[in-house]
Novice: 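Below you will find the structure I want to go over with you.
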Amino acid sequence: MSPGDTLRFASGSLLGARTRTLLMMLAMSIGVAAVVILTALGEGARRYVIGQFSSLGTNLVIVLPGRSETAGVNPGMLLGQTARDLVLDDAQALLRSPAIRRIAPLSVGAAQASHGSLNREVVVMGTTANMLLIRHMDLAQGQFLPQIDPRSASPVCVLGATIKKELFGSEQAIGAWLRLGDRRFRVIGVLAEQGESMGMNTDDLVIIPVASAHMLFNTQALFRILIEAKNRDMIEAAKQDAEQILMQQHSGERDVTVITQDAVLATFDRILRALTLAVGGIAAISLSVAGVLIMNVMLIAVAQRTQEIGLLKALGAPPGQIRYLFFSEAALLSAVSGLFGLVLGEIGSMVIGHVYPTLPVAAPWWAVLAAFGTALVTGILFSVMPARRAARLDPVLALARR
Amino acid sequence: MIEFTGVWRTFKVGDQEVAALRDINLELLAGEYVSIMGPSGSGKSTLLNLIGLLDRPTSGIYRLDGQDVTTLDDAEQARIRSEKIGFVFQFFHLVPRLSAAMNIELPLLLAGVAPDERKQRVTQLLQSYGLSERADHRPDQLSGGQRQRVAIARATSMHPLVLLADEPTGNLDQATGKEVMTLLEQLVSQGVALILVTHDPGLGKRATRQLRMVDGQIVSDTRNEA
């Protein structure tokens, strides 16, 4: 029997049992679609996070107060003292490193902002003019913080897009006064709409000079220091210099944590890739369940088609050919279901992508291949037993039944 | 052409051995028209299954066309069935989802005959069995007689040496049964051997050679003087 004839015969018998075939296809294609959609989601999440990190800025090194890992015992720990604060002098000292291009100190607090009769709670970020360059922020109107000595306060502020909309509406904001807590700041700029970026929505921020923030919140501490290395190769050097300089600043104590964006990125990349694999694996289990279903239904099909199998044997089909026929049926079914599932998965991914436009949902090519391959392999593998049973059928008994 | 030497066929029923065929020695000639009669359970169908290579003897030797076929494996036996033996069943055994033409084509398909030749042979068979207008009908759209005609056309599509018919008229009314018998006897006149298993003495007498079986043994073997 030629392959073409085999395929036609197999498709004929699949079409002959329409409900059965449809049910099997449904189970199989849901499995395949699940693999595609879930890996697409995982991959989307991974790309989203990486995108978020990249939007933070390039060649970024971040200094956090406190140390997350201990290197021996220091007196401060024994006395139960908390880590020394990061202060502006520390930030300025970092500029001594040849690997560091620019820095931006960052202090964060919440304050009541009001303009006229409108007021709301806002996140206030105290920083310097360099922030604009390091964080790749865009201005919609006006200008960013002036290039002044970070130690000197200045009553000016830059608004996030949402704050501007909520407190000023369509009114001209530039040049107007904004009250933050008990101080007044003149609005000198409005940020372009940027959306969420690593949990900090720049649209919801009010940015003021760092010294003004310190006065407003009555503190000297910095929340972070953002460092931009001169280039990609200098990131590690910048990190080491920062640790060195801050150790000197803090009288020899290593009480800050310096992380590089690359390291964080790599970690997230690993975690999310593992997550995608895990989720895809779980979906693959549902595929193998579909395989068991195929086996079950094929066994029923063999029982129902006993007479036909007996007849094929009487007409001169050797056992190998009967096996081959059933294999072809399973392979055809799996392939068609697999393709159908891929289409279903793509549609599902597109719908999700439509509902959550920020998530770049797309199944990676390896997941698509793996889903299709798994469908094909489970389908064929689970047809081994039914096919063998069919081939071993005794034609006399098979034909004796009416 | 068909030669049985000391053939036994026993079945295990529970822990008892039951002999369906006891020491059958038989020689059938090419082109012979033979009927096998006997009461139920006398071993007629078992004998027919052995001749058709659907079953294997427990002991003894079966030669078909000069070749010892008892020692062949399943695949080789299948090939011999395909090339030399045609079956006509009481319950027709047509594949319900296939059209009349496709049912007739089935043995050719399984044997791997080229599509052009298949088509030509099927068209010819449909014509000679008066089924041309029913070619695209499925079995459930055909009458009993038409179904058995499709089955006979299918059995002859590979030009077999011998046609095995187990109660071919058992499921048909008298007129249709006669019609089917006429068709089968026409094949005999074309040189195909016909082995007919039947309960009906009237049908059995039409054969040129009549075997009578009781309890797994051939008790009489008579020939009609033509």
Side-chain angles (χ1 to χ4, degrees), chain A residues 1-22 300-329 332-333 387-402, chain B residues 9 11 20 45-50 52-56 72-99 102-115 118 138-139 151 154-158 160 164 166 170-171:
Chain A
M1 221 171 151
S2 73
D5 287 335
T6 309
L7 218 57
R8 260 196 314 128
F9 190 84
S11 57
S13 60
L14 284 176
L15 287 173
R18 224 156 280 196
T19 321
R20 194 164 65 204
T21 305
L22 273 179
I300 297 170
V302 169
Q304 279 179 348
R305 284 162 65 189
T306 299
Q307 216 189 81
E308 180 186 328
I309 295 161
L311 173 77
L312 290 179
K313 284 196 155 184
L315 295 183
Q321 195 167 30
I322 307 260
R323 264 202 306 273
Y324 185 49
L325 274 175
F326 273 79
F327 268 150
S328 312
E329 242 177 74
L332 190 68
L333 186 74
R388 285 177 56 138
R389 183 173 289 191
R392 275 205 305 256
L393 222 63
D394 178 0
V396 174
L397 289 179
L399 288 168
R401 293 203 332 207
R402 234 201 110 174
Chain B
R9 178 70 174 105
F11 294 97
S45 292
T46 307
L47 183 60
L48 201 71
N49 288 334
L50 284 182
L53 291 173
L54 292 178
D55 197 4
R56 287 167 183 273
L72 299 180
D73 68 20
D74 285 353
E76 289 165 327
Q77 288 199 342
R79 201 170 51 83
I80 290 180
R81 276 202 299 275
S82 160
E83 288 170 359
K84 300 185 174 169
I85 302 168
F87 292 89
V88 177
F89 306 95
Q90 178 178 2
F91 300 114
F92 323 130
H93 286 309
L94 301 178
V95 182
R97 64 165 190 281
L98 298 180
S99 70
M102 284 166 86
N103 265 292
I104 295 172
E105 193 186 0
L106 208 49
L108 303 168
L109 192 74
L110 291 171
V113 175
R118 284 203 313 251
R138 278 188 286 116
R154 180 180 66 192
T156 55
S157 64
M158 286 291 289
L164 306 179
D166 193 350
N171 230 27

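Heavy-atom basis, side chains included; hydrogens, waters and symmetry copies ignored. Reminder, nothing fancy here: chain letters follow the sequence lines and each chain counts from 1.
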Novice: Could I get the full list of side-chain hydrogen bond (donor to acceptor under 3.5 Å, both in side chains) partners for B/S99, not counting sequence neighbours?
Specialist: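 Result, side-chain hydrogen bond (donor to acceptor under 3.5 Å, both in side chains) vs B/S99: none returned.
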
Novice: Evaluate whether atom CZ of A/R388 has more than 12 neighbouring non-hydrogen atoms of other residues, nucleotides or ligands under 6.0 angstrom away.
Specialist: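 Result for CZ/A/R388: open.
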
Novice: Return yes if some donor-acceptor pair links the side-chain N/O of B/N103 with the main-chain N/O of B/L98 below 3.5 Å, else return no.
Specialist: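 Present.
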
Novice: With a 4.5 angstrom heavy-atom cut-off, which part of A/S13 approaches chain B: side chain, backbone, both or neither?
Specialist: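 The answer is both parts of A/S13.
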
Novice: Can you tell which of B/V95, B/L109, B/D73 has the highest number of heavy-atom pairs within less than 4.5 Å of chain A?
Specialist: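 That would be B/L109.
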
Novice: Could you list the donor-acceptor pairs under 3.5 angstrom formed by side chains in residues 312-319 of chain A, with sequence neighbours left out?
Specialist:
from, atom 1, to, atom 2, distance (Å)
A/K313, NZ, A/A391, O, 2.5
A/K313, NZ, A/L393, O, 2.7

Novice: Could I get the full list of side chain to side chain contact (heavy atoms under 4.5 Å, CB included) partners for B/E83, not counting sequence neighbours?
Specialist: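 Checked B/E83 against side chain to side chain contact (heavy atoms under 4.5 Å, CB included); matches are B/R79.
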
Novice: Can you tell me how the ring of B/F87 sits relative to the ring of B/F89, calling it parallel under 30°, perpendicular over 60° and tilted otherwise?
Specialist: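 Taking B/F89 first and then B/F87, their aromatic rings lie parallel (interplane angle under 30°).
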
Novice: Check whether B/D74 gets within reach of chain A through its side chain, its backbone, both or neither, counting any heavy atom under 4.5 Å.
Specialist: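 When you check distances to chain A, atoms from both the backbone and side chain of B/D74 fall under 4.5 Å.
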
Novice: Which members of residues 321-328 of chain A, sorted by number, sit under 4.5 angstrom from chain B on a heavy-atom basis?
Specialist: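 At a heavy-atom separation under 4.5 Å, chain B is reached by A/Q321.
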
Novice: What part of B/R56 lies closer than 4.5 angstrom to a heavy atom of chain A: side chain, backbone, both or neither?
Specialist: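 Interface part for B/R56: neither.
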
Novice: Is the backbone of A/A17 close enough, under 3.5 Å, to the side chain of A/T21 for a donor and an acceptor to pair up by distance?
Specialist: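 Yes, the answer is positive, given that a donor and an acceptor are paired below the 3.5 Å cut-off.
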
Novice: Taking the side chain from B/R118 and the backbone from B/V113, do they hold a donor-acceptor pair closer than 3.5 Å?
Specialist: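 Between the backbone of B/V113 and the side chain of B/R118 there is a qualifying donor-acceptor contact (under 3.5 Å).
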
